[in-house]
Amino acid sequence: MKFLSIMGNSFGCSASGERLVSAARDGDLQEAKALLECNPRLARYSTFGVRNSPLHYSAAQGHHEIVSLLIESGVDINLRNYRGQTALMQACQHGHWEVVLILLLYKANIHRSDYLNGGTALHLAALNGHTRCVRLLLADYIPSISDCWNILAKRSNNSESISEFDESALHEVINRPADGGITALHMAALNGHLETVQLLLDLGASVSEVTVEDGTTIDLIGAGSTALHYAACGGNQQCCQMLIARGASLIAENANGWTPLMVARSWHRNQLEEMLSTQPEHQPQVCPSPYISLPLMSIIKIARECGWRNEESLLTCQDTCVVCLERACTVAAEGCGHEFCTWCALYLCSTFCTSNAAQGFPGSVTCPLCRHGIVSFAKLPGTKPMMKAIGRTSLSLAFCTCSGEEPEPTSMITPLCKPDFGCTRISPLSSSFRSLSCQKFPSMKFNARGCMGTPDTTPSLVPSTIDRNLGKHLVRCSRSRLGRSTSNNYTERRRSWLSAINQYTTIGTGS
């Protein structure tokens, strides 16, 4: 019976987990809420074989509301599947920037690499040309200062006085190689994603990084190739122009002795021969990428500290955001002073694309009200830090505690007094906790038609040919054993059992 009860619990968990997976994949928010309300531990469920969790499915499909729900239910945000990919990698691979933003607000790890080719979320975003995802992944490394683009372009030396700008850390992240030494710039150049190539170059990607021969990947171009070799293989003329303008060498040879021009000829990229044959006389003027978005670091810090959805309960002011007309204002743009809610400011910094703001620095975001260039955001005086909530998975109990089983002990759960017989489903505890003694709850009742039998039926140990009155007498004796307190006299209970046994023997002999 114990084995069957355990199997029943596992089957029930699997069925509910598959329902949650379907809801996460299809974007059914109400179904996901209902399942997680019944058992928050379903957020930890993973499918058999590929080990994809509901968080992986919702992130891959772009259902950011379900992603938030699963994270608030206590799921591990950096959970891996069988390939070693996290939900952040899935979202970057498919270009769902809203999911990437929410995962980064919950501090998802951007440095995790998969098991197959060592690629990170940045590699996957660059491979598929998802420029917004690339910028969001690097939000914690690009400070919200007016001179940031000039510092990255080596036109200013003020980075030493900026404590929050670690240029070496940014250089390490953006030029991190996957298996074979392939960087994010190599992948974007090979597939011809011009906007991604331009953003990576503006943020410090090196044009001199080369691939290596490690025996794990098949390199048809050859080890020792630069990003220009890969752009020549891809055949995108604009990517080659961008790389050459940023200092890529036309005479660099890889391990096969091939220059970018030879790579273009071997792949029949005839339109690149003139461009890759001669070095240009003067470097063309390079404009900053429209995706730099300098205010991102400041607004993400505010969102992590004060939240971005339930602002009304955190503020004393009642000013409504002029963009969404739903949430209270929590941040103000430095410079013009216009106020917005945190989510609208996040949306503005993540989606706005322009080369130059009307009255701002390169990379600033234009204010939708006055066209002033926004470089950073500041909290309003009434904005308070958000209180961290306890994960709901720590408040959940086991599915079903049958006889011989006890709930798993956790730090947030007080052990309950387990009955001797029967099977009862225990609901999750409420948010208020009290020290409990080993006694039955006043509201706890046993189902008379459950495991203990009904008053109209005799226990299975009593033969059907015996008098019904004797059966009722035995039932009363057995229930008295469970119902009486420990202060009853043991001799009286023993005498009642002996009389019942003697009567049973007499009837059996007479029959």
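Counting non-hydrogen atoms of other residues, nucleotides and ligands closer than 6.0 Å to CD of Glu273 gives a total above 12. Within 6.0 Å of CD on Gln279 lie more than 12 heavy atoms contributed by other residues, nucleotides or ligands.
Between the side chains of Tyr45 and Glu18, at least one donor N or O sits under 3.5 Å from an acceptor N or O. There is no side-chain donor-acceptor pair under 3.5 Å between His171 and Ser168.
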side-chain contact (heavy atoms from CB on, under 4.5 Å) for Thr120 and His111? Distances and angles first, verdict last.
CA-CA 6 Å; Thr120 63; His111 306 289; 5.9 Å; no
CA sep, side-chain torsions, deciding dist, call: Ile142, Leu296, side-chain contact (heavy atoms from CB on, under 4.5 Å):
CA-CA 8 Å; Ile142 312 298; Leu296 260 180; over 6 Å; no
Give the intermediate values and the outcome of side-chain hydrogen bond (donor to acceptor under 3.5 Å, both in side chains) for residues Glu334 and Ser376.
CA-CA 6 Å; Glu334 292 187 354; Ser376 63; 2.6 Å; yes
Take Leu70 and Leu36 through the side-chain contact (heavy atoms from CB on, under 4.5 Å) test and state the conclusion after the steps.
CA-CA 8 Å; Leu70 291 170; Leu36 291 173; 3.9 Å; yes
Which is it for Ile374 and Thr366 under the side-chain contact (heavy atoms from CB on, under 4.5 Å) test, yes or no, and what are the steps along the way?
CA-CA 6 Å; Ile374 303 174; Thr366 303; over 6 Å; no
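Remark: Arg25 qualifies as a cation-pi partner of Tyr57 under the 6.0 Å distance and 45° angle criteria applied to the six-membered ring.
Side-chain contact between Ile299 and Phe340 is absent, with no heavy atoms from C-beta onward closer than 4.5 Å. The closest side-chain heavy-atom distance from Ser208 to Thr226 is not below 4.5 Å. Using a 4.5 Å heavy-atom threshold, the side chains of Asn78 and Arg112 count as touching. In this structure the side chain of Ile151 reaches within 4.5 angstrom of the side chain of Ile145, judged on heavy atoms. Residues Cys329 and Thr320 have side chains not in contact (no heavy-atom distance under 4.5 Å, counting atoms from C-beta outward). No side-chain heavy atom of Ile174 sits under 4.5 Å from any side-chain heavy atom of Thr183. For the pair Leu185/Val197, a side-chain contact is recorded, criterion being any heavy-atom separation below 4.5 Å from C-beta on. Within the 4.5 Å cutoff, the side chain of Lys379 has heavy atoms near those of the Glu305 side chain.
A distance of 8.0 Å separates CG in Leu348 from SG in Cys367, rounded to the nearest 0.5 Å. Atom OG1 in Thr131 sits 5.0 Å away from atom OH in Tyr291 (nearest 0.5 Å). With values rounded to the nearest 0.5 angstrom, Leu194 atom CG is found 11.5 Å from Gln237 atom CD. For the atom pair CG of Leu79 and CG of Leu88, the computed distance is 13.0 Å after rounding to the nearest 0.5 Å.
For Ser58, there are no side chain to side chain donor-acceptor pair (under 3.5 Å) partners two or more places apart in sequence or in a different chain. Residues satisfying the side chain to side chain donor-acceptor pair (under 3.5 Å) criterion with Asp26, sequence neighbours excluded, are absent altogether. Applying the side chain to side chain donor-acceptor pair (under 3.5 Å) test to His338 and every residue at least two apart in sequence or in another chain returns nothing. Scanning for side chain to side chain contact (heavy atoms under 4.5 Å, CB included) contacts around Pro280 gives Ile244, with sequence neighbours left out.
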In residues 92-105, what donor-acceptor pairs under 3.5 Å come from side-chain atoms, sequence neighbours left out?
{"unit_1": "His94", "atom_1": "ND1", "unit_2": "Gln90", "atom_2": "O", "d": "2.9"}
{"unit_1": "His96", "atom_1": "NE2", "unit_2": "Ala60", "atom_2": "O", "d": "2.9"}
{"unit_1": "Glu98", "atom_1": "OE1", "unit_2": "His64", "atom_2": "NE2", "d": "3.4"}

Enumerate donor-acceptor pairs with a distance under 3.5 Å from any side-chain N or O in residues 247-262 to protein atoms, sequence neighbours excluded.
{"unit_1": "Ser249", "atom_1": "OG", "unit_2": "Ile251", "atom_2": "N", "d": "3.3"}
{"unit_1": "Ser249", "atom_1": "OG", "unit_2": "Ala252", "atom_2": "N", "d": "3.4"}
{"unit_1": "Asn254", "atom_1": "OD1", "unit_2": "Asn256", "atom_2": "N", "d": "3.0"}
{"unit_1": "Asn254", "atom_1": "OD1", "unit_2": "Gly257", "atom_2": "N", "d": "3.2"}
{"unit_1": "Asn254", "atom_1": "OD1", "unit_2": "Trp258", "atom_2": "N", "d": "2.9"}
{"unit_1": "Asn254", "atom_1": "ND2", "unit_2": "Ile221", "atom_2": "O", "d": "3.1"}
{"unit_1": "Asn254", "atom_1": "ND2", "unit_2": "Ser225", "atom_2": "OG", "d": "3.2"}
{"unit_1": "Asn256", "atom_1": "ND2", "unit_2": "Ile221", "atom_2": "O", "d": "3.2"}
{"unit_1": "Thr259", "atom_1": "OG1", "unit_2": "Met262", "atom_2": "N", "d": "3.4"}

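In this structure a side-chain-to-backbone donor-acceptor pair under 3.5 Å is missing from Asp114 to Gln85. No side-chain donor-acceptor contact under 3.5 Å links Thr330 to the backbone of Cys341. The closest donor-acceptor contact from the side chain of His229 to the backbone of Ala264 lies at 3.5 Å or more, if one exists at all. Without hydrogens or angle criteria, Arg327 side chain to Trp343 main chain gives no donor-acceptor distance under 3.5 Å. With hydrogens and angles disregarded, a donor-acceptor distance shorter than 3.5 Å links the side chain of His123 to the backbone of Arg176. A donor-acceptor pair under 3.5 Å is formed between the side chain of Asn39 and the backbone N or O of Arg41. Side chain of Asn52 to main chain of Asn81: no donor-acceptor pair is present (N/O by atom type, distance under 3.5 Å, no hydrogens or angles). A distance-only check finds no donor-acceptor pair linking the side chain of Ser298 to the backbone of Ser144 [under 3.5 Å].
Salt bridge absent: Asp28 and Arg19 never bring a charged side-chain N and a carboxylate O closer than 4.0 Å.
Pairing each heavy atom of Pro295 with each of Gly363, the nearest pair is CD-O, 4.2 Å. Residues Ala303 and Thr342 come closest through the heavy atom pair CB-CG2, 3.7 Å.
Among the candidates Lys301, Arg304, Lys107, Arg135, the single residue satisfying the salt bridge (charged side-chain N to carboxylate O under 4.0 Å, His left out) test with Asp140 is Arg304.
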